[in-house]
Amino acid sequence: MPFFDPTVQNFLDSAAFGSVTTQEKSIHTLRAELEAMQASTNPSLDSLDYETLDIPVGPTGSVNIHIYKPKGRELVPTLVYIHGGGWMVGSPIAYQRLVVDLIEETGAGVFFINYSLCPEVVYPVPIEQSYAALQWLYANGKTHGLNTEKVALAGDSAGASISIGVTLLSLQRQTLVPRYLVLFVPVTDISKQSSSYKLFPEGPIVVPSEFQEMIKAWIPDASRRTEILASPLLATSEDLKGFSETLIFVAESDPLREEGEQFGRNLIAAGVNTTVFRSLAVVHGTVVLNAFSKIPATRAEIELAGLKIKRALV
């Protein structure tokens, strides 16, 4: 039996969020449940300047973005954040606490990309939307108080996968790559199941059988799941040449643990400055869920990520 931090164990015993499978609940119900659970314990945005925009870029014609800045600061370094949620759930409300935490640790503004979710859209639309939003930021961010010469990128789970995809597109298209990349519990290979899937067949949080349904919704065409934007673990050292310096966090009891660690090994082999940490006694999504916001692993991950981002954006 896996060993969990007491706060994690209490949450799992309470079944506070219940099932994350679309087999039992509609996707709209899942989205609403996550928002409601997070909103009840979200911090205020009173200490921040905040705006939201629909910018006219990307394959769907527009992308919704949210900008958060320390109040009264004219020009701040920029952290682009791409949220997780199995490509199917997640929103600014669901991530408000994490955004506030990251601003407090970095002093940066957060450029939050609220990409279109599947099954309403499918691969590679959210990756292209996020890439287009990043290009818009470089061209227009200064008018919104964001320093476009000091940009880092972060994401969790599916959002970490999209963040990797955006970085790979930047390399392929010879546009700017972010100065620093933080990946929380990244999805890096949807073409197959790693050994940690067998270690944690019931999850928790990510249940392999349910996650396969999310993958099918994300990329219905199975032949495309081996493309490196979909499964960046399959990228070659040549593909990764010039990749951003990267910090990766994985969770001990997570079916995605091995693929996250292996992606870190691949980056190191390609000559990319990379550090990987495995947090013990926690599960997938620990850094995101407000119920886990004060446990030592969450605080350490956010504080270390914040320190590394702050130093990279000096």
Side-chain angles (χ1 to χ4, degrees), residues 1-20 30 33-35 37-43 79 81-87 89-91 93-102 104-106 154-161 163 181-188 194 196-197 199-200 202-208 210-211 214 246-261 263-264 275-309:
M1 286 288 293
F3 170 78
F4 299 119
D5 177 281
T7 300
V8 174
Q9 187 65 65
N10 289 340
F11 177 87
L12 297 175
D13 290 343
S14 72
F17 185 38
S19 172
V20 296
L30 287 170
E33 284 184 347
L34 177 60
E35 280 205 356
M37 181 178 71
Q38 294 286 83
S40 65
T41 53
N42 270 345
L79 173 62
Y81 198 89
I82 304 180
H83 72 82
W87 307 280
V89 302
S91 68
I93 291 173
Y95 277 74
Q96 184 167 308
R97 190 271 310 161
L98 179 57
V99 165
V100 171
D101 278 356
L102 289 169
E104 288 178 351
E105 294 297 332
T106 63
D156 65 284
S157 191
S161 182
S163 298
L181 181 61
V182 176
L183 306 173
F184 297 104
V185 292
V187 181
T188 67
S194 69
S196 50
Y197 276 77
L199 290 174
F200 308 105
E202 302 302 323
I205 307 297
V206 172
V207 179
E210 297 171 1
F211 190 58
M214 291 181 171
T246 301
L247 174 63
I248 300 174
F249 295 101
V250 300
E252 180 181 27
S253 296
D254 184 357
L256 305 181
R257 185 185 79 194
E258 172 56 28
E259 64 188 73
E261 292 180 344
F263 185 66
T275 306
V276 183
F277 288 99
R278 180 192 295 187
S279 295
L280 302 184
V282 296
V283 296
H284 189 89
T286 302
V287 78
V288 174
L289 295 178
N290 291 357
F292 303 150
S293 65
K294 298 190 184 306
I295 67 174
T298 297
R299 299 316 314 163
E301 290 187 16
I302 291 172
E303 289 168 10
L304 178 57
L307 176 63
K308 297 295 285 185
I309 289 166

Would you confirm whether [X], through its side chain, and [Y], through its main-chain N or O, come within 3.5 Å as a donor-acceptor pair?
X: Arg97; Y: Asn42; value: no
X: Glu252; Y: Leu280; value: no
X: Asp5; Y: Ala281; value: no

Evaluate the side-chain proximity of [Y] to [X]: yes if any heavy-atom separation is below 4.5 Å, no if none is.
X: Leu256; Y: Tyr197; result: yes
X: Leu183; Y: Phe263; result: yes
X: Phe11; Y: Ile205; result: yes
X: Thr286; Y: Glu301; result: no
X: Thr298; Y: Val288; result: no

- Query: Taking the inter-plane angle between the rings of Tyr95 and His83 on a 0 to 90° scale, is it parallel (under 30°), tilted (30 to 60°) or perpendicular (over 60°)?
  - Reply: tilted

Interatomic spacing from [atom1] in [X] to [atom2] in [Y] - rounded to 0.5 Å:
X: Leu307; Y: Ile302; atom1: CG; atom2: CD1; answer: 13.5 Å
X: Gln96; Y: Asn290; atom1: CD; atom2: CG; answer: 9.0 Å
X: Thr106; Y: Leu79; atom1: OG1; atom2: CG; answer: 6.0 Å
X: Glu35; Y: Ser40; atom1: CD; atom2: OG; answer: 12.0 Å
X: Leu289; Y: Leu34; atom1: CG; atom2: CG; answer: 7.0 Å

- Set of side-chain contact (heavy atoms from CB on, under 4.5 Å) partners for Ser253, sequence neighbours left out: Pro2, Phe4, Phe200, Val283

Which atom pair, heavy atoms only, marks the closest approach of [X] to [Y]?
X: Val187; Y: Ser161; value: O-CB, 3.1 Å
X: Ala305; Y: Leu247; value: CA-CD2, 3.9 Å
X: Asp254; Y: His284; value: OD2-ND1, 2.7 Å
X: Glu105; Y: Arg299; value: OE2-NH2, 4.2 Å
X: Thr188; Y: Glu259; value: N-OE2, 2.7 Å
X: Ala251; Y: Arg278; value: C-CG, 4.4 Å

- Message: side-chain contact (heavy atoms from CB on, under 4.5 Å) for Leu102 and Tyr81? Distances and angles first, verdict last.
- Response: CA-CA 10 Å; Leu102 289 169; Tyr81 198 89; 3.9 Å; yes

- Message: Could you walk me through whether Lys308 and Thr275 satisfy the side-chain contact (heavy atoms from CB on, under 4.5 Å) test, starting with their C-alpha distance in whole Å, then the side-chain angles of each, then the deciding distance to 0.1 Å, before giving a yes or no?
- Response: CA-CA 11 Å; Lys308 297 295 285 185; Thr275 306; 5.8 Å; no

